[in-house]
Amino acid sequence: MSVFLGIDIGGSGVKGALVDVTTGEVVSERFRVATPRPATPKAVLAVVAEVVAHFAWGSPFGCTFPGVTVNDTISTADNMDPGWVGVDAAAAIEASTGLRVAMLNDGDAAGVAETVFGAGRGLDGTVLLLTFGTGIGSALLYNDTLIPNTELGHLEFRGMEAEDYAAARLVEREDMRIDWWASRVNEFLIYVEHLFTPSRIIFGGGIAKRFDEIAPFLTVATEVVPAALLNNAGIVGAAYTANQRYGRDSND
Ligand code: BGC
């Protein structure tokens with residue numbers, strides 16, 4: 001068993017757990033701290049250090065960020081503080097924890113985890129994962145290869161950003177009825193289906209646990225399946241990526 005810590009920085013919570021990266025199984029309890037507001041680099045870095053300390057973790061780990069992340073550097077932070085833009089998050093985390101970290105976008109992490117261990121496993125062709133939460137995260141994979149930072153939540157849709165039209169926060173924090181919301185999601189899925197013609201759409205985010213209530217409103221032709229790893233997909237994808245970058249068999 002090879003275990004890595006995965007941390008998932010989200011718009012509402014920073015969550016961490018230990019993951020067996022050979023099976024994708026979460027092997028510890030989940031530790032969650034509310035995302036500080038404003039979500040400045042300083043405040044969020046302190047929470048990441050708190051999560052690391054909680055697990056008494058002392059080696060490389062993986063961490064997601066809810067914004068465009070290229071070579072560990074953040075270039076958008078719509079649901080976080082704008083102070084993140086331009087920050088080399090891996091260098092900042094290393095400075096505060098002393099540990100090396102592999103950074104990637106939260107939607108991408110969930111997509112990797114679902115493709116390797118979950119609802120996209122063994123599927124050839126194009127797989128699209130969407131996570132519905134504070135925003136809408138996305139991951140596009142072709143034959144298991146991730147095309148990172150697709151950011152489909154920021155597509156213009158019905159005159160606004162898609163995530164303002166159909167993120168789960170409308171249900172979870174703004175009291176929209178789930179059937180109204182599910183119809184909006186369906187419209188958005190039909191739109192992305194036209195763009196990518198995926199073999200399968202994986203429906204992720206915490207609200208995926210209510211998939212039974214949502215499914216009756218999904219008329220999109222593509223098969224839509226709930227994420228198998230539910231809310232742990234980001235954590236698992238982060239840990240898996242850390243193993244790929246820093247594990248025993250990596251060349252790093
Ligand atoms: C961000 C994405 C992120 C998504 C879900 C969006 O606002 O731009 O990078 O994946 O929220 O957290």
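Indexing begins at 1, ligand by ligand and atom by atom, following the structure's order.
With hydrogens left out, the protein atom closest to atom 6 (C) of ligand 1 is Glu163 OE1, 3.2 Å, a heavy atom. Nearest protein heavy-atom neighbour of atom 4 (C) of ligand 1: Ile136 O, 3.5 Å. Protein heavy atom closest to atom 9 (O) of ligand 1, with residue, atom name and distance, is Glu151 OE2, 2.5 Å.
Nearest to atom 12 (O) of ligand 1 by heavy-atom distance, out of Ile9, Thr134, Asp106, Thr64, is Asp106.
At a 3.5 angstrom cut-off on N or O pairs, Ser138 does not count as close to ligand 1. The N/O atoms of Asn105, backbone and side chain alike, include one that comes under 3.5 Å of an N/O atom in ligand 1. Inclusion of Gly67 in the set of residues having an N or O under 3.5 Å from an N or O of ligand 1 is warranted. In terms of N/O distances under 3.5 Å, ligand 1 is not approached by Asp78.
Between Phe157 and Phe188, the ring planes are perpendicular. Angles over 60° get that label, and only those under 30° would be called parallel. In this pair, Trp181 and Phe203 present their aromatic rings perpendicular. The plane angle is above 60°, beyond the 30 to 60° band.
Every atom of ligand 1 with a heavy atom of His154 under 4.0 Å away is listed here by number and element: 1 (C), 6 (C), 7 (O), 8 (O). Residue contact check: Gly137 has heavy atoms under 4.0 Å from atoms 4 (C), 5 (C), 10 (O) of ligand 1.
Between Met160 atom CE and His154 atom NE2 the span is 14.5 Å, to the nearest 0.5 Å.
A side-chain donor from one of Asp8 and Thr64 sits under 3.5 Å from a side-chain acceptor of the other. If you check the side chains of Asp20 and Thr22, you find a donor sitting under 3.5 Å from an acceptor.
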query = Taking it one step at a time, do Arg169 and Asp164 satisfy salt bridge (Lys or Arg N to Asp or Glu O under 4.0 Å)?
reply = CA-CA 9 Å; Arg169 68 163 183 268; Asp164 292 332; 2.7 Å; yes
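Remark: Ala139 pairs with Asp108, Leu129, Leu141, Leu146 by the side-chain contact (heavy atoms from CB on, under 4.5 Å) rule, at least two apart or across chains.
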